[in-house]
Amino acid sequence: MKNFILILAFFTPLFINAQNKHTISGYVTDGSSDERLTGATIFNKTTGKGTVSNNYGFFSLTDMEGNCQLEIRFVGFKKKALVLYLEKDTFLNVSLQRGIEIEEIKVRGHEIKRSNPELSILSQPGITMQMIESAPVILGEHDILKTLQFMPGIKQGAENTASFNVRGGSADQNLILLDGVPVYNVNHLMGFFSVFNTDAVKDVVLIKGGIPARYGGRLSSVLDISMKEGNLNKNSGVFSISPVSGRFTYEGPIKQDKGAFIVSARRTFFDIPMAAIQKLNGEGGVYGYYFYDLNTKANWIFNPGSRLYLSLYTGKDNLFSNTRVGNDWKSRYRYNWGNITTVLRWNKVFSSKLFSNFSLYYSRFRHNELGKAKDKNTQTLFKTTSELQDISFKSDFDFYVSPQYTFRFGSKLSHLVFNPNIIQVKSTESDISFNNQNRTQAARADVYFENAFDLGKLKLNAGGRLSGYFTEGKNYFHIQPRFSAGFELFPHINISTSYTQMVQNIHLLTNSSFGMPTDLWVASTDKVGPQLAQQFTMGLSKQIRNEISFNIEGYYKRMHDVVRFDEGVAFLNPKESAWDRNVLVGEGRAYGMEFMTQKNSGRLTGMLSYTLSWSERKYVGLNNGNWFPFKYDRRHDVSFLAEYRFKESWKTTRSFSIGFTLQSGNNLSVADVEYEGLLTPGRELADYHYDWEVIRQTYDNPNNFKMPTFHHLDIGYSIVKQKTDSKSVTWSFSVYNVYNRMNPWYYYKSEGKVKQVSLFPIIPSVGFKYEF
Amino acid sequence: MKKKSFLIILGFWILFSSCEEEVTLDFDNEPKLCLNCILNPDSVVSAKLTLSHRLDNSGKFETVDNGNLTLYEGNELFGIFEPQGNGRYLINKRPVEGKTYKIIAEAGSYNTISATTILPDFPVVEYSKEIIGHASYDSTLDVYNLNVQLKDKPGKDNYWIYENNVVSGVKYGGGGREINTLFIDDFNKEIDTEVKYGFTLFLGVRLSDEGYDGQSMDFVISDFIEATEYRYTEAVHFLNADEHYDKYIKTSILNRIKETSDLPFFEPVQMYSNIQNGYGIFGSCAITSVKL
């Protein structure tokens, strides 16, 4: 089966002959900023054929001649109609003006971009920035990753954390890209906030089933986030403030219509009141915490077919403390972690049918802990560093063979450096390092191809990805067939199916259900190989009057060589040991059914979903090798997210949003039985022993305890006041956990009693945004 | 340092108005039989049978005195245990190294439990003493190392090293001496810059023959102090445990590490047990002791 799909997929292009007619190609842009628009539809009314602009706003419509009536549309923009007489291949730069057509007034909602039209809406949920910015939030911070968690099949780890699990997978199995660059740690403040500043984000694409061959490297999902490019026409900016942070974004042309830049920064305020309190209390030292993000991007257009982008993201969390006792003793403590990603990208249109993108990127996640103490005579230092670096070059080509057929192909070369948990202990007398043997380097090479067909009722994408992974002493090669298809069975009733194989060469060692900076990324070794997964999906959808859709999709996923810490191994334990001796390698399986109804237009828009799912793991050496529930095996999950837009005037737009989630609790391993044990060897020779030495506490199955049902209701209200054409003010009010549900965040034992800790009671908040 | 950082982080969480309450976890566990029996060729066979109880029961473990315990050597009956009271049972015979033993225990309406073990070989140990200096507090006392050659036999062996000492008439025993060798299993290693090798081995010293199967494992046990009337080390013991007893010791130590750790998110440990339908351990070991 696998070979058949690959052969079919690879040789199909050879049988396709494009007719010798003309091609219209070009870009679709936002008329106000010249920002390129992803997912705009370009429709030839004469032939009834159309296409969608790609991730870089590029489109190509082939097989055209004579008179053409083109209609270009994008949600939130006025449609544009063009009449052309084609005698040769033509390049167009179509700019759309912001605004709503008369017939669209009633249907202003979250239009779903179908960049992969063969996929069901449950495999590629339609997520827009408008949806993210209108969802109710906690502490006034809009967050892409938290809004995603309303989608069926996507569940958070712990309450209110950005870490998420897709269709029974673990958090490390999500490929999270920022401008095509993997971001290895997406969490600020233990995951309470994600690193993505929504003011700087243009577009979000999430795929959790039928993942096309152009993506690779993770098992469960792809989250592809694109930063804004910068305004080519005029200077503009956004200033926002929430109870947690302040954000400022500024963008403008470097040279009119040739180049643009954008700079966006965010920083928290936690440390400021803390410093004031410490000062008021007259404390001898200072301690505090803050995080920041900085996004910058610049681009330059050499000619219509050549554009260069340079973007940089850097973010850091910093926990610090300085203590001084008299003049003799002082100590300094730093605990910080953060990412740097930078990418140089070149869009090159080789011909009206061939679009390409070349990227050279660098991504680094580093976590540092540094403790220093000093007195008159001695000085000690303790330093722990974990680091992952990824330097890659990739190329992507879109070859528009005909309106019905697009052939995509590309390659990627990566060099990865892993330095997990390197410890240095230094004093006046000694300097000891630990875990240097864990330093690893690896190389990775991938090639892929995709055949995307749009044959009217049938849409399909067949392709494959070949990957090689080369680490010290071991090479791994994998063939990953990908196939997805959608078919219009009856008018407005579609069926879809997909089969994917995925490979993941890196592993995240974590004990927590949220984003700890101490989570370690490690490379596959000769002992612990790459993780593999196969996923099969099948779904059905029904559309009513282009307004409401009903969707159902089942999935079955098998995962191989999934990794977890061995029992008793703690991520913080500074042990001198190779990580691959402290893990268990096993199997996973996840299956379930997702239901979703979505209303995309009208004053009331939103979605209601239900997921019934199972997720299990099995490891030799644990639970006698039997299956047991995964930590995030949540049987039931209901989510509701809606927005109501009040009647609006030119000057004021008001909306009310509501979000509700109810889901089975997470699973925990909790000792629930006690029995008499034996003394450890030699202790029987002693005159005395303690009670604890002969008591054993354990459980029959890992993850034996299910936490109580998790649910909360959130509401939001926002007012946008348009001051002038280019200036507006937005006030956002939210109440998180309206009915003050005390969802357990974690449990611990103290003096023989079990304590439950809840972190998020009812939390009202307000946010302010000024756009100019 | 880490404690401090976590306190700061926890402080932030408190800012978010965290709420703590005592809860009762509703586990429905019926008592099961718990059998503890370790075979040793140097001693007669003894076993203890008790009942497990729920975690919220802080009372003593209930002993089972009406059990029928039978031990087989291969397919042959080795003996039937005689009750000794207080949950204890005895067969007045010694098991033999290299043989396979199976135990079956029945008691009242509880599920019948069973388990199997293969008695391992005695560790083959050669050693020599090497005087390396004098005690800092008394220069008349020699400090010496024990140079050990542990001659491993082919096949998987799981060694544990411990010793017993007498100080002012009080007997002490157990593992934990600082040993620095490639063969150390570092599952319980904890960094401590104050000690000789920069780490300690919590509650036990385990040597693994992984990668050295059938070879001579040479290492040094350092810093013994010459015996005095008040303080002396009686013996160093080398225990070779079968796979079940070995895993049992290991998970027992990991459990203790977990219980005493102040780390908030420690992966829990499932206690190893090879008892079908019950709890406890049926294992075996052979011990070679070096008298000092």
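Chain identifiers are assigned alphabetically (A, B, ...) following the order of the sequence lines, protein sequences preceding nucleic acid strands; residue numbering begins at 1 within each chain. For clarity, every value in this text was computed on a predicted model and none was experimentally measured.
- Minimum heavy-atom separation, B:Cys34 to A:Tyr675: SG-CD1, 3.5 Å.
- Heavy atoms of A:Asp700 lying under 4.5 Å from chain B belong to its backbone as well as its side chain.
- For CZ of A:Arg334, the number of neighbouring non-hydrogen atoms (other residues, nucleotides, ligands) closer than 6.0 Å is greater than 12.
- Using cut-offs of 30° and 60° on the angle between ring planes, the pair A:Tyr688 and B:Tyr172 is perpendicular.
- Proximity to chain B (any heavy atom under 4.5 Å) is shown, for A:Glu693, by neither the backbone nor the side chain.
- Residue B:Lys48 touches chain A through its side chain alone, counting heavy-atom pairs closer than 4.5 Å.
- Using modelled atom types, one side-chain atom of B:Gln270 and one backbone atom of A:Tyr699 make a donor-acceptor pair closer than 3.5 Å.
- Here the closest heavy-atom approach between residue A:Val694 and residue B:Phe61 is recorded as O-CE1, 4.1 Å.
- Nearest approach of A:Ala686 to B:Gly173, heavy atoms of both residues: CB-N, 3.6 Å.
- Atom CD of B:Glu62 is surrounded by 12 or fewer heavy atoms from other residues, nucleotides or ligands within 6.0 Å.
- A 4.5 Å side-chain heavy-atom check between B:Lys32 and A:Val673 finds every atom pair outside the cut-off.
- Summarising the local packing, CD of A:Gln379 is surrounded by more than 12 heavy atoms from other residues, nucleotides or ligands at distances under 6.0 Å.
- In this structure, chain A has a heavy atom under 4.5 Å from the side chain of B:Ile38, while its backbone stays farther away.
- In this structure, chain A has a heavy atom under 4.5 Å from the side chain of B:His237, while its backbone stays farther away.
- Only the side chain of B:Thr50 comes within less than 4.5 Å of a heavy atom in chain A; its backbone stays farther off.
- Atom CZ of B:Arg256 and atom CZ of A:Arg696 lie 10.0 Å apart (nearest 0.5 Å).
- Remark: side-chain polar atoms of B:Asn36 are paired, donor with acceptor, to backbone N or O of A:Glu676 under 3.5 angstrom.
- The candidate from A:Leu679, A:Leu678, A:Leu685 with the greatest count of non-hydrogen atom pairs under 4.5 Å with chain B is A:Leu678.
- Other residues, nucleotides and ligands contribute at most 12 non-hydrogen atoms within 6.0 Å of the NZ atom of A:Lys527.
- Between the CG atom of A:Asp687 and the CG atom of B:Asn164 there is a distance of 10.5 Å, given to the nearest 0.5 Å.
- Taking B:Tyr248, B:Trp160, B:Tyr272 one by one and counting their heavy-atom pairs under 4.5 Å with chain A, the maximum is reached by B:Tyr248.
- Environment of NZ in A:Lys383: sparse, with no more than 12 heavy atoms of neighbouring residues, nucleotides or ligands closer than 6.0 Å.
- From A:Thr680, atom OG1 reaches atom NZ of B:Lys250 across 15.0 Å, with rounding to the nearest 0.5 Å.
- Within the 3.5 Å criterion, the main-chain N or O of A:Asp672 finds no donor-acceptor partner in the side chain of B:Arg54.
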